[in-house]
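Below, chains carry the letters A, B, ... as their sequence lines are ordered, and counting in each starts from 1. Bear in mind the structure is a predicted one, so any value in this text is a computation, not a measurement.
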2 protein chains.
Amino acid sequence: MKHLQIEELCAQRGIKLTEQRKTILRVVCEANDHPHVEEIYKRANLKDSKISLATTYRTINLLTEFGLIDRLQLGDGKARYESINDETSNHYHLVNVQTGEIIEFNDAELEELKQRIAKRLGYKLVDYRMELYGVPMEK
Amino acid sequence: MKHLQIEELCAQRGIKLTEQRKTILRVVCEANDHPHVEEIYKRANLKDSKISLATTYRTINLLTEFGLIDRLQLGDGKARYESINDETSNHYHLVNVQTGEIIEFNDAELEELKQRIAKRLGYKLVDYRMELYGVPMEK
DNA sequence: ATAGATGCAAACATTTTGCGCCGAG
DNA sequence: CTCGGCGCAAAATGTTTGCATCTAT
């Protein structure tokens with residue numbers, strides 16, 4: 001989603017829009033990889049050298065809590081982030097374990113199946129984590 | 001899987017079986033929750049007060065690398081562990097976000113689907129992480 | 001006998017927090 | 001003007017590591 005749209009959502013929720021927050025939000029929205037906080041901090045500093053790491057963490061946490069950006073835990077110990085997607089965009093990840101590359105994908109069947117499984121177990125799904133780790137098939 | 005079976009596998013792989021390692025392995029195999037390292041360390045110390053936290057970490061990492069126990073990252077910052085399962089047992093997790101309870105489940109359809117998705121993307125699946133987070137449905 | 005495992009404490013990496021100053025609403 | 005965000009440095013948390021000693025094979 002575009003950063004301006006998300007700024008709009010921030011305003012609606014009463015989140016004070018400081019320069020730092022706008023810059024950090026922009027960095028996350030412009031990223032098409034899945035940067036971790038240190039990386040977001042670096043990129044934010046290229047735009048505004050006065051942003052601290054602490055503020056980066058605080059902003060990222062704030063935006064995550066409000067559901068305005070998504071946190072990924074890909075098992076390397078650092079949380080990675082991406083801007084929230086529109087309904088139609090890719091929401092699952094496959095990690096190429098040889099290169100670390102993250103491939104996004106969609107799957108309607110999976111979408112439906114996870115709901116069905118949760119229901120079968122007597123739960124309403126509030127979140128999920130589903131990542132595949134693979135090596136490229138030769139040829 | 002029983003700890004004696006896993007000890008057998010350790011021997012086959014040339015892993016030196018010290019008292020500490022046997023104790024830690026036993027703790028993981030006897031657990032039916034999914035303890036994190038600090039908890040494994042505590043339980044191991046009840047059996048043998050001379051096991052250090054460092055050794056607990058080293059052993060857990062060793063066993064994980066050899067595929068003799070499984071690491072779960074449930075997003076709370078600490079890795080959790082479980083002993084490896086036999087082919088037929090449950091291998092997916094649903095977390096009750098209200099209580100932290102972990103429900104294990106199986107799903108043949110999911111099993112097949114994840115393989116199919118990886119293949120479609122041109123990858124051979126080497127690992128996966130799939131967790132559901134939910135709240136109990138009322139009634 | 002000896003390669004490798006242990007315990008301890010210090011180091012690390014990531015993330016959080018206390019505090020006095022500053023800026024958006 | 002005021003509440004809350006900011007930067008800084010310190011702390012907290014989870015995990016790893018260097019080193020001298022000990023132990024399973």
Side-chain angles (χ1 to χ4, degrees), chain A residues 6-28 34-45 47-66 68-81 100, chain B residues 4 6-28 34-45 47-66 68-69 71-81 100:
Chain A
I6 298 184
E7 281 185 20
E8 180 56 34
L9 293 173
C10 285
Q12 285 170 22
R13 277 152 230 227
I15 297 174
K16 200 187 270 184
L17 276 169
T18 62
E19 276 312 307
Q20 289 92 329
R21 288 180 177 176
K22 285 193 225 169
T23 303
I24 291 166
L25 180 56
R26 195 157 188 160
V27 166
V28 176
H34 300 73
H36 47 261
V37 176
E38 191 74 37
E39 185 61 36
I40 294 169
Y41 168 61
K42 272 192 209 146
R43 294 181 197 175
N45 263 294
K47 296 175 188 277
D48 173 359
S49 63
K50 297 214 171 22
I51 294 178
S52 73
L53 182 57
T55 294
T56 307
Y57 271 104
R58 282 192 273 233
T59 300
I60 291 293
N61 286 344
L62 180 78
L63 294 173
T64 303
E65 275 154 31
F66 276 85
L68 299 174
I69 64 178
D70 282 335
R71 170 180 287 146
L72 309 176
Q73 291 281 2
L74 298 184
D76 61 349
K78 325 178 211 198
R80 294 170 170 277
Y81 297 86
Chain B
L4 289 177
I6 297 184
E7 282 185 20
E8 180 57 33
L9 294 173
C10 285
Q12 284 170 23
R13 277 152 231 227
I15 297 174
K16 200 186 271 184
L17 276 169
T18 63
E19 277 312 308
Q20 289 92 330
R21 287 180 178 176
K22 285 193 226 169
T23 303
I24 291 165
L25 180 55
R26 196 156 187 162
V27 166
V28 176
H34 299 74
H36 49 259
V37 176
E38 192 73 36
E39 185 59 36
I40 295 169
Y41 168 61
K42 271 191 210 146
R43 295 181 196 176
N45 263 294
K47 297 176 189 275
D48 173 0
S49 64
K50 296 211 174 24
I51 294 177
S52 72
L53 182 57
T55 294
T56 308
Y57 270 106
R58 282 191 273 233
T59 300
I60 290 293
N61 285 344
L62 180 79
L63 294 172
T64 303
E65 276 154 31
F66 276 85
L68 299 174
I69 64 178
R71 170 180 288 146
L72 310 175
Q73 292 280 3
L74 298 184
D76 61 350
K78 325 178 210 196
R80 293 170 171 276
Y81 297 85

Colleague: Base, backbone or nothing for each nucleotide of nucleotides 20-25 of chain D, written B, S, -, heavy atoms under 4.0 angstrom, 5' to 3'?
Modeller: ----BS
Colleague: Take atom CZ of A/Arg80 and atom P of C/dA13, then tell me their distance rounded to the nearest Å.
Modeller: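 These atoms are roughly 16 Å apart.
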Colleague: What is the distance, rounded to the nearest whole Å, between atom CD of A/Glu65 and atom C1' of C/dT15?
Modeller: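 One finds 13 Å between C1' of C/dT15 and CD of A/Glu65, rounded.
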Colleague: Kindly indicate whether the side chain of A/Val27, heavy atoms from C-beta on, has any atom under 4.5 Å from the side chain of A/Lys47.
Modeller: yes
Colleague: If the threshold is 4.0 Å, N to carboxylate O, is there a salt bridge linking A/Arg43 and A/Glu39?
Modeller: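 Yes, charged N to carboxylate O under 4.0 Å.
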Colleague: Can you name the one residue among A/Arg26, A/Lys22, A/Gln12 that meets side-chain contact (heavy atoms from CB on, under 4.5 Å) with A/Glu7?
Modeller: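 It is A/Lys22; the other options fail the test.
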Colleague: Quick check: does any side chain N or O of A/Thr55 sit under 3.5 Å from a backbone N or O of A/Ile51, one acting as donor and the other as acceptor?
Modeller: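 No, the answer is negative, given that no donor and acceptor are paired below the 3.5 Å cut-off.
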Colleague: Would you name the heavy atoms of B/Thr23 and B/Ala44 that are closest together and state the gap between them?
Modeller: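 Heavy-atom minimum between the residues: CG2-O, 3.9 Å.
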Colleague: Between B/Arg21 (side chain only) and B/Lys16 (backbone N and O only), is there a donor and an acceptor less than 3.5 Å apart?
Modeller: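 Yes, B/Arg21 side chain to B/Lys16 backbone: donor-acceptor pair under 3.5 Å.
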Colleague: Between atom NZ in A/Lys22 and atom P in C/dG23, what is the gap in whole Å?
Modeller: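 Nearest whole value for this atom pair: 15 Å.
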Colleague: Across nucleotides 8-17 of chain D, 5' to 3', mark each nucleotide with B, S or - according to how protein heavy atoms within less than 4.0 Å reach it.
Modeller: BB----SBBB
Colleague: Nearest 0.5 Å please: distance from the CD1 atom of B/Ile15 over to the CZ atom of B/Phe66.
Modeller: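 B/Ile15 atom CD1 to B/Phe66 atom CZ measures 4.0 Å (nearest 0.5 Å).
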Colleague: Please report the shortest heavy-atom distance between B/Tyr41 and B/Leu53, naming the atom on each side.
Modeller: CE1-N, 3.2 Å
Colleague: Report the distance from atom CD of A/Glu39 to atom C1' of C/dT15, rounded to the nearest whole Å.
Modeller: 17 Å
